[in-house]
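What follows is a set of notes on a single structure, which appears directly below.
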Amino acid sequence: TEDGFQWYYEGRNGWWQYDDRTSQDIEDAFKKGEKSCTILVAGYVYIVDLEQLVQQRQNEPTRCRRVKRDLATIPKKGVAGLRIE
Ligand code: V3L
């Protein structure tokens, strides 16, 4: 986002950055003070809970990951499942 922050979801031993569009959508909801945000991941609806800081696939509570807002410069695994070195 403009101020150098991005949104991340948890991987096995590190964080994945959301794709830019989704990160911006989450940031917009966050800035508006909304409690949650609906996103689409590979055709599935996920809810990003901006109070609990988790994402969860709709109607599949076991598919739950932590999320965080952090600087775009932090070490990360990659972006939306695409690895970077
Ligand atoms: N953006 C992209 N893909 C996602 C997202 C998202 N926000 N949420 C889930 N998936 P679940 P390691 C992740 C993918 O939570 O090695 C990573 O992006 C998720 O992909 O059970 O464990 C990697 O591609 C998973 O493939 O609904 O760190 C992959 O895991 C699938 O949706 C391995 O990462 C089911 O996730």
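Numbers here are sequence positions counted from 1. Atoms within each ligand, like the ligands themselves, are counted from 1 in listed order.
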### Query
Are Arg69 and Glu27 side-chain neighbours, meaning at least one heavy-atom pair lies under 4.5 Å?
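In short, these two side chains touch, coming nearer than 4.5 Å.
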
#### Entry: Any side-chain heavy-atom pair of Gln17 and Ile74 under 4.5 Å
no

#### Entry: Ring geometry between Trp7 and Phe30 (parallel below 30°, tilted from 30 to 60°, perpendicular above 60°)
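Aromatic pair Phe30/Trp7 classed perpendicular.
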
### Message
Side chain or backbone, does Tyr18 bring an N or O within less than 3.5 Å of an N or O on ligand 1?
### Response
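For ligand 1, there is no N or O atom that lies under 3.5 Å from one belonging to Tyr18.
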
### Nitrogen or oxygen atoms of Tyr46 and ligand 1 under 3.5 Å apart
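Checking ligand 1 against Tyr46, an N or O pair does fall under 3.5 Å apart.
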
### Query
Any side-chain donor-acceptor pair under 3.5 Å between Gln24 and Asp28?
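Per modelled atom types, Gln24 and Asp28 side chains form a pair under 3.5 Å.
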
Please report the closest heavy-atom contact between [X] and [Y], naming both atoms and the distance.
X	Y	result
Arg65	Gly11	NH1-CA, 4.1 Å
Ile26	Cys37	CA-SG, 4.0 Å
Ser23	Gln6	OG-OE1, 2.6 Å
Ile39	Tyr18	CD1-CE2, 3.6 Å

Among all protein heavy atoms, pick the one closest to [atom] and tell me residue, atom and distance.
atom	result
atom 33 (C) of ligand 1	Arg12 NH2, 4.3 Å
atom 10 (N) of ligand 1	Val41 CG1, 4.0 Å
atom 34 (O) of ligand 1	Trp16 NE1, 3.3 Å
atom 24 (O) of ligand 1	Gly81 CA, 3.4 Å
atom 35 (C) of ligand 1	Arg63 NH1, 3.5 Å
atom 18 (O) of ligand 1	Tyr9 OH, 2.7 Å

As a test of the contact definition, would [atom] count as having a protein heavy-atom neighbour under 4.0 Å?
atom	answer
atom 4 (C) of ligand 1	yes
atom 26 (O) of ligand 1	no
atom 29 (C) of ligand 1	no

Enumerated ligand 1 atoms positioned under 4.0 Å from heavy atoms of [X]:
X	result
Lys77	12 (P), 16 (O), 28 (O)
Gly11	28 (O)
Arg65	9 (C), 11 (P), 13 (C), 15 (O), 19 (C), 25 (C), 30 (O), 36 (O)

### Query
Hey, which of Gln55, Gln56, Arg57 is the one that makes side-chain hydrogen bond (donor to acceptor under 3.5 Å, both in side chains) with Tyr46?
Arg57

### Closest candidate by heavy atom, reference atom 8 (N) of ligand 1, pool Arg83, Gln55, Gln56
Gln55

### Query
Do other residues, nucleotides or ligands put more than 12 heavy atoms under 6.0 Å from the CD atom of Gln52?
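No, not enclosed.
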
